[in-house]
Amino acid sequence: MKDVEKIIKGIIKDMNPRFKKKTLGELLEEEKPHVIINGKRHRIKRRELEFLKEIASKNLRIPIVLEVDSSLGGAIKVSGKEEVKVISKILGREIDIFSEKDVMYIYKPELKIVRKELPTTTQLIFKLSLSD
């Protein structure tokens with residue numbers, strides 16, 4: 001059974017995009033903002049960058065990763081203080097300013113809202129959690 005799990009995890013890993021993040025500040029300075037995903041140039045919409053500039057610091061790392069984890073029962077994980085701040089503002093969620101929380105969970109209806117607002121600056125990845 002361990003071999004099957006290993007194979008399945010390998011397939012999921014291969015499905016996930018490979019990319020190097022850039023900061024919002026770096027992307028704002030580029031004439032044609034982009035990141036490299038799976039070796040190909042992925043354009044970032046200037047409209048999204050201008051929107052993000054209003055609600056986040058220039059240290060925000062893009063793309064914002066939305067992690068679909070099989071162990072979370074349909075929840076999508078967002079990690080990072082700036083990332084949580086951005087997604088919270090888009091969804092109209094309150095953030096406890098005294099909390100050091102840098103993780104939040106969203107669900108499919110909220111995912112649709114986030115992806116509609118930030119289609120080129122967010123990236124879905126998948127994580128498979130198999131029981132031991």
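What's counted below: heavy atoms across the whole structure, side chains too, no hydrogens, waters or symmetry copies. Numbering of residues begins at 1 and proceeds along the displayed sequence.
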Between [X] and [Y], is any pair of side-chain heavy atoms under 4.5 Å apart?
| X | Y | value |
| --- | --- | --- |
| T23 | I62 | no |
| V86 | V78 | no |
| P33 | R46 | yes |
| E48 | P119 | yes |
| L124 | L111 | yes |
| I125 | V68 | no |
| E30 | L27 | yes |
| L52 | L118 | yes |

For the pair [X] and [Y], find out whether any cationic side-chain nitrogen is under 4.0 Å from an anionic carboxylate oxygen.
| X | Y | result |
| --- | --- | --- |
| K53 | E50 | yes |
| E26 | K58 | no |
| E83 | R61 | no |

[atom1]-[atom2] distance between [X] and [Y], expressed to the nearest 0.5 angstrom:
| X | Y | atom1 | atom2 | result |
| --- | --- | --- | --- | --- |
| M104 | I76 | CE | CD1 | 10.5 Å |
| S79 | I87 | OG | CD1 | 11.0 Å |
| L24 | E29 | CG | CD | 10.0 Å |

Practice problem: Determine whether more than 12 heavy atoms belonging to other residues, nucleotides or ligands lie under 6.0 Å from atom NZ of K21. | Solution: yes
I need the minimum non-hydrogen distance between [X] and [Y], along with the two atoms involved.
| X | Y | value |
| --- | --- | --- |
| H34 | I44 | CA-CG1, 4.0 Å |
| T122 | R115 | OG1-NH1, 2.7 Å |
| T120 | K45 | OG1-N, 3.0 Å |
| I36 | R41 | CD1-CA, 3.9 Å |
| Y105 | E110 | O-OE1, 4.4 Å |
| S57 | E82 | N-OE1, 3.0 Å |

Quiz prompt | Linked, directly or transitively: Y107 and L66 (ILVMFWY side chains, under 4.5 Å) | solution =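 No; tracing contacts between hydrophobic side chains, which count when under 4.5 Å, never links both residues.
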Quiz item: Ignoring hydrogens and geometry, is there a side-chain-to-backbone donor-acceptor pair from K77 to V103 under 3.5 Å?
Solution: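 No, the answer is negative, given that no donor and acceptor are paired below the 3.5 Å cut-off.
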Self-check item: For E67, side chain to side chain donor-acceptor pair (under 3.5 Å) partners two or more places apart
Solution: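 With neighbours one apart ignored, the set is empty.
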